[in-house]
Amino acid sequence: MGDMDEYRDIFLSESTDYIQEITDGLLALESHPGDLAPVETVFRGAHSLKGMSAAMGYERTADLTHRMESLMDRVRRRDRPADASLVDLMLEAVDAVKALIGAESGDGSVVDTTSLIAKLVAMTTDGTLSDSENDIDSSPGDSASPEPPKAASEPDVSVSDEMDHEGGHVVLVTVTLDESCVLKAVRAYMVMKRLSHMGVVIETDPPARQIEDEEFELTFTVTLRTASDGEAVRKAVLGVSEVDACSVAPHASGHSADPVGATRDSSSAATRRSIPKLSETQTVR
């Protein structure tokens with residue numbers, strides 16, 4: 001299996017999980033229109049699919065999920081209600097995403113989303129936003145788009161807050177990819193999936209959107225709250241192929257961790273076998 005086949009298989013597996021999450025979220029939203037939790041699920045799912053699709057070069061899928069993300073951002077900001085027409089349109093969009101992924105991954109199908117995208121744009125721009133806010137960038141993975149504000153029920157979380165509420169220690173995980181890495185965003189995404197299984201990903205440097213859009217060189221840093229020791233975290237990261245090196249150090253807040261650092265070694269294969277499949281891990285927040 002070639003590198004691109006491996007990436008495609010990973011993408012297809014992960015996109016299936018996100019599509020199911022979005023569908024479940026929409027059905028929950030249909031039953032409880034005022035609940036922000038399923039809104040967040042659908043929004044984050046669309047956002048993740050957009051980034052993954054852009055990284056794979058599936059521009060039409062990235063564009064459609066970008067439109068879905070924009071519409072759900074309106075809902076999470078309470079700018080428009082999650083009524084039956086919105087849920088129906090989003091479910092239609094989910095079906096179209098499935099078809100587009102098939103088409104762009106090579107099944108030979110032809111999918112026309114012109115009418116659907118027009119309806120998504122119309123529903124997104126029909127509300128209380130100003131004209132400037134109504135503009136939707138047609139670029140599917142545009143990193144210049146502003147970070148959507150958090151929902152009212154999602155307070156800012158600092159490192160100290162995470163420690164107080166969850167326990168564990170906070171570490172800085174520095175990851176360097178191989179120079180030959182073809183799709184850096186996909187490998188970075190896999191690293192963060194592994195780390196999220198071991199604790200809570202608090203933040204990344206550069207920010208997640210820049211990582212999704214591959215706006216970084218070969219190295220990025222993840223701030224992680226975890227109960228695992230530094231060696232376990234390091235081995236988890238090195239279990240991802242095309243990761244050249246990983247170091248784990250205590251966070252500047254002073255919480256303890258086992259500082260370690262090394263390049264990939266012969267133990268990586270055993271480590272890879274001991275880590276759950278990506279589809280079994282949590283979704284990165």
Side-chain angles (χ1 to χ4, degrees), residues 12 14-54 58-105 107 109-142 144-154 209 212 283 285:
L12 293 176
E14 289 294 299
S15 63
T16 297
D17 291 342
Y18 280 118
I19 287 171
Q20 186 61 54
E21 287 182 8
I22 292 172
T23 301
D24 292 343
L26 289 170
L27 295 177
L29 191 57
E30 189 173 37
S31 301
H32 303 91
D35 188 358
L36 271 179
V39 173
E40 286 293 325
T41 297
V42 176
F43 173 83
R44 295 297 178 188
H47 175 72
S48 296
L49 276 176
K50 180 191 74 173
M52 292 167 57
S53 301
Y58 296 170
E59 295 184 0
R60 295 185 65 201
T61 304
D63 185 34
L64 178 55
T65 49
H66 175 62
R67 308 295 181 171
M68 295 166 66
E69 176 192 23
S70 297
L71 177 54
M72 293 310 298
D73 187 36
R74 295 291 309 280
V75 179
R76 72 201 288 260
R77 289 192 286 178
R78 302 293 196 186
D79 286 333
R80 82 165 330 278
D83 53 25
S85 61
L86 180 142
V87 172
D88 288 345
L89 182 59
M90 285 293 294
L91 287 172
E92 181 184 349
V94 169
D95 289 338
V97 167
K98 295 178 188 177
L100 272 180
I101 288 175
E104 294 196 287
S105 61
D107 70 3
S109 60
V110 177
V111 183
D112 183 3
T113 58
T114 305
S115 175
L116 174 61
I117 287 179
K119 287 189 286 185
L120 286 167
V121 171
M123 187 170 286
T124 302
T125 57
D126 179 21
T128 58
L129 293 182
S130 65
D131 291 340
S132 61
E133 290 173 303
N134 281 335
D135 291 336
I136 302 177
D137 190 345
S138 60
S139 175
D142 184 13
S145 58
E147 181 70 22
K150 295 181 180 179
S153 62
E154 184 183 347
R209 274 202 182 181
E212 288 177 358
T283 300
R285 285 197 307 180

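For reference, positions follow the sequence shown, starting with 1.
Here the closest heavy-atom approach between residue A62 and residue A54 is recorded as CB-N, 3.8 Å. Residues I101 and L12 approach most closely at CG2-CD2, 3.5 Å, considering heavy atoms. Summarising the geometry of M68 relative to A46, their closest heavy-atom pair is CB-CB, 4.2 Å, with the distance given to 0.1 Å. What you find for V75 and A82 is that their closest heavy atoms are CG1-CB, 4.0 Å. Shown here for L116 and A96, the closest heavy-atom pair between the two residues is CD2-CB, 3.4 Å. The two atoms that bring V87 and L26 nearest to each other are CG1-O, 3.8 Å, heavy atoms only.
Using a 4.0 Å cut-off between charged side-chain N and carboxylate O, R60 and D63 make no salt bridge.
The only member of R76, R74, K50 that meets salt bridge (charged side-chain N to carboxylate O under 4.0 Å, His left out) when paired with E69 is K50.
No side-chain heavy atom of L100 sits less than 4.5 Å from a side-chain heavy atom of V97. Taking the side chain as every heavy atom from C-beta outward, L49 and S15 approach each other to under 4.5 Å. Residues M72 and L29 are in side-chain contact: their nearest non-hydrogen atoms beyond the backbone lie under 4.5 Å apart. Residues R67 and T124 have side chains not in contact (no heavy-atom distance under 4.5 Å, counting atoms from C-beta outward).
For the pair E104 (side chain) and T61 (backbone), a donor-acceptor distance under 3.5 Å is present.
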Start with the C-alpha gap between H47 and E212, add the side-chain angles, then the distance that decides, and say whether side chain to side chain contact (heavy atoms under 4.5 Å, CB included) holds.
CA-CA 10 Å; H47 175 72; E212 288 177 358; 3.3 Å; yes

